[in-house]
Amino acid sequence: MNTTQRFDEAEPSSSDHSPVNQDKHAQNPGLNDALVSRPASDAVTSATGPAILELVDVSYAYSKGGKQILHNLSHAFKPGLVYAITGPSGAGKTTLLSLISGLTSPTGGKVLYQGKDLGKQDRYDFRSHDIGVIFQSFNLLPALTVTENIVLSMDASGKKFNKPKQEIALDLLEAVHLPKEYANERILHLSGGEQQRVAIARALSYDPKIIVADEPTGNLDLGTQRDIMDIFARLAHENDKCVIIVTHSPEVAQESDEVFPLAPLRRNKPTSALRPAASGRH
Ligand SMILES: Nc1ncnc2c1ncn2[C@@H]1O[C@H](COP(=O)(O)OP(=O)(O)OP(=O)(O)O)[C@@H](O)[C@H]1O
């Protein structure tokens, strides 16, 4: 487990095209196939390898009000693990997710992606290829169908895929345990839990290395919550993704490999205590 603090704000990204992700236009290797069919015994983890994302003395103050939210946070996020960012309301969890996903830049310190300063990379490119974000409100387009929502993200990524996007979308539905009959259903006709699964499928559609989710199990029943967590665990442990989840749920924190608790800045100084993986897997 982990103890830390928080950070950042929303400003346009700089566009220094660092050669960070050399394979970003490579063919999609078929994450969905692996996620559907790979037996648990084949689990792969590179959790002992280098960090894919790193916070280095990250601080953040919103320009409006100037209140500092995060102060000198440092932490390494590795592929192959599920991380839970926890903390009371207002501690800065969503702010931290904005920094990690390149939506905002720290006002102090750096976020490194594959060892290089994210602030000096093309953050649009990062967001459309390298990180999949699952928002609390899903952010799906209600007038479009399930498949159309997924394919839209694939189109926006500019990646080449090794089979038709519609087929990949169907495989992704299977991966998130949504019946294929839902493919042509409009988003508005789906329940909250079903929309959450579509949001996950969409985030996976261009095979990002990092997946972040803001309260992905909020308002879901326990069975659905467990299933969603199982999907995230398989993405990390079998597909070597770095999964970062913001949650208020003790169950979700318990099922993650590492917990990164944020304390409100005014009350507590930054800390760096880590909780060991719940399962002892790593
Ligand atoms: N755009 C903004 N401008 C100024 N202050 C903001 C802005 N967005 C958030 N804040 C403040 O930053 C602090 C952290 O907000 P944030 O949403 O990151 O917390 P959180 O831990 O995700 O909370 P919750 O669990 O309630 O979602 C809060 O005090 C909030 O009022």
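These numbers come from the heavy atoms of this one structure, side chains and all, not from hydrogens, waters or symmetry mates. Read the numbers this way: they start at 1 and go in the same order the structure lists the ligands and their atoms. This structure is a prediction, so every number in the text was calculated from the model and none was measured.
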Which of the ligand 1 atoms, numbered from 1, are nearer than 4.0 Å to a heavy atom of [X]:
X    : result
K67  : 29 (O)
I69  : 12 (O), 13 (C), 14 (C)
P88  : 21 (O)
H248 : 25 (O)

- Message: Just to verify, what does L141 make a side-chain contact (heavy atoms from CB on, under 4.5 Å) with, not counting sequence neighbours?
- Response: L144, N149, L152

- Message: Tell me whether G90 has any N or O atom under 3.5 angstrom from an N or O of ligand 1.
- Response: yes

- Message: To the nearest 0.5 Å, what is the distance between CG on D230 and CG on L235?
- Response: 9.5 Å

- Query: Judged by non-hydrogen atoms, does E215 sit under 4.0 Å from ligand 1?
  - Reply: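 Contact check E215 vs ligand 1: negative.
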
- Message: Given 3.5 Å as the limit, does a donor-acceptor pair link the side chain of K159 with the main chain of M154, or not?
- Response: no

- Could I get the full list of side-chain hydrogen bond (donor to acceptor under 3.5 Å, both in side chains) partners for R202, not counting sequence neighbours?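 side-chain hydrogen bond (donor to acceptor under 3.5 Å, both in side chains) check on R202 returns nothing, list empty.
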
- Query: Can D207 and K241 be said to form a salt bridge (Lys or Arg N to Asp or Glu O under 4.0 Å), step by step?
  - Reply: CA-CA 9 Å; D207 198 18; K241 304 297 179 192; 2.6 Å; yes

